Number of protein chains: 2
Amino acid sequence: MSDTVHNAESDLLAVAAHRELLGQILDKWSLSVLTRLCEAPCRFNELRRAIPDISQKSLTGTLRRLERNGIVERRIIGTRPIAVEYRITPLGKTVREPIDALLLWASTHLPRIEQARSRFDDTLDE
Amino acid sequence: MSDTVHNAESDLLAVAAHRELLGQILDKWSLSVLTRLCEAPCRFNELRRAIPDISQKSLTGTLRRLERNGIVERRIIGTRPIAVEYRITPLGKTVREPIDALLLWASTHLPRIEQARSRFDDTLDE
DNA sequence: CAGAATCCTTCACGATACTG
DNA sequence: CAGTATCGTGAAGGATTCTG
């Protein structure tokens, strides 16, 4: 019996424990940065141009956070003027599969979700 | 040539398009609520007790958002006093697999990530 | 029991200006 | 080029109070 109960509790604990970690990787901009860096290593301003709506501050913050978690690597490739290259780490590459699964889910079910939204919004202004 | 380029661009567009959707499902509390509702249908205050740190306002908001996206269903099962039951929808069940993949990734690589964090933090106060 | 309404604080984020 | 520093704003979220 207590298998179900135990699993439920440990699942909730696991969720609580991993929510913070996932929040660092699945936040507002990380997904875009990660996607871009999976294509190829990239310079700072190159990333800025690739993600037009991101501010310089947010990009810096996102990169620092990903770097701290071992997902991307910051490599100084030149000085005068300084040049920095960001690239995805082996650890970072491993997260691509679950993320892609999630993106696939999103694009697969987007129509049904938009349908559900319309239904929900319609039944509100009655 | 433009295959790589095109894929990169469309990936970034896809990410931008799905970020909003995923944000509704992977936000601060949704994961906990979803995990709990996957176990069994649940009453409002039952959910509150199952997720001790959530406020009433946040739980209401989270449930409304999930309901709007067709992920959970709100069912009034009694009045006087009013009773409401929340349960996961068929659409909601389909998201469990990619989410579990992500949680599995998180728990699998947590040690390496904590290691990376320590290294990063250490090399700062030198 | 299941919320709605209100107040208040925190904080993420953008814009701007400056630097090695 | 690749940032740091500072300021201002809006939105999220908690605590509290009230209601059908």
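Numbered from 1 within each chain, the chains take letters A, B, ... in sequence-line order. Computed from heavy atoms alone, side chains included, the values below leave out hydrogens, waters and symmetry copies. All values reported here derive from a predicted model rather than from experimental measurement.
- Side-chain contact between B/I77 and B/R43: present, with at least one pair of heavy atoms (C-beta onward) separated by less than 4.5 Å.
- Qualifying side chain to side chain contact (heavy atoms under 4.5 Å, CB included) partners for B/C42, counting only residues two or more places apart in sequence or in other chains: B/R36, B/L37, B/E46, B/L47.
- Side chains of B/I51 and B/W29 form a contact here, defined as non-hydrogen atoms less than 4.5 Å apart.
- Scanning both residues, B/V84 and B/Y86, for their nearest heavy atoms gives CG1-CE1, 3.7 Å.
- For B/R117, the salt bridge (Lys or Arg N to Asp or Glu O under 4.0 Å) partners at least two apart in sequence or on another chain are A/E20.
- For the segment residues 19-27 of chain A, no residue has any heavy atom less than 4.0 angstrom from an atom of DNA chain D.
- Shown here for A/D27 and A/G23, the closest heavy-atom pair between the two residues is CB-O, 3.2 Å.
- Of all nucleotides in DNA chain D, those with any atom nearer than 4.0 Å to a heavy atom of chain B start and finish, going 5' to 3', at D/dG13 to D/dG20.
- For the side chain to side chain donor-acceptor pair (under 3.5 Å) test, residues two or more places apart in sequence or in another chain that qualify with B/Q24 are B/N69.
- In the 5' to 3' direction, nucleotides of DNA chain C lying under 4.0 Å from heavy atoms of chain B begin and end at C/dC1 to C/dC7.
- Between A/P81 and A/Q56, the residue whose closest nucleotide on DNA chain D is further toward the 5' end is A/P81.
- Between the axis at the start and the axis at the end of the helix from C/dC1-D/dG20 to C/dG20-D/dC1 there is an angle of 50°, using five pairs per end and rounding to 10 degrees.
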Inset, instruction - Tell me, with the steps shown, if A/L22 and B/L103 meet side-chain contact (heavy atoms from CB on, under 4.5 Å). - result: CA-CA 8 Å; A/L22 294 179; B/L103 290 176; 3.9 Å; yes
Legend entry - Audit row: B/S32, B/I54, side-chain contact (heavy atoms from CB on, under 4.5 Å) steps and yes/no: CA-CA 10 Å; B/S32 302; B/I54 200 172; over 6 Å; no
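- Of the residues in residues 57-72 of chain A, A/K57, A/T60, A/R64 come within less than 4.0 Å of DNA chain D through at least one heavy atom, sorted by number.
- Comparing A/Y86 and B/W29 by the nucleotide of DNA chain D whose heavy atom lies nearest to each, the residue mapping closer to the 5' end is A/Y86.
- Partners of A/R80 under the side chain to side chain contact (heavy atoms under 4.5 Å, CB included) rule, at least two apart in sequence or in another chain, do not exist in this structure.
- Donor-acceptor pairing under 3.5 Å is lacking for the side chains of A/S118 and A/E114.
- Defined by atom type and a distance below 3.5 Å, a donor-acceptor pair is present between the side-chain atoms of A/Q56 and A/T60.
- Counting any heavy atom pair closer than 4.0 Å across all strands shown, B/R48 reaches no nucleic acid atom.
- The side chain to side chain contact (heavy atoms under 4.5 Å, CB included) search around B/S55 returns B/K57, B/S58, not counting sequence neighbours.
- Partners of A/E73 according to the side chain to side chain contact (heavy atoms under 4.5 Å, CB included) rule, which considers only residues two or more places apart in sequence or in another chain, are A/R75, A/R87, A/T89.
- Taking the salt bridge (Lys or Arg N to Asp or Glu O under 4.0 Å) definition, one finds that B/R19 meets it with nothing, sequence neighbours left out.
- Residue-level contact check: B/R80 touches neither bases nor backbone, having no heavy atom under 4.0 Å from any strand.
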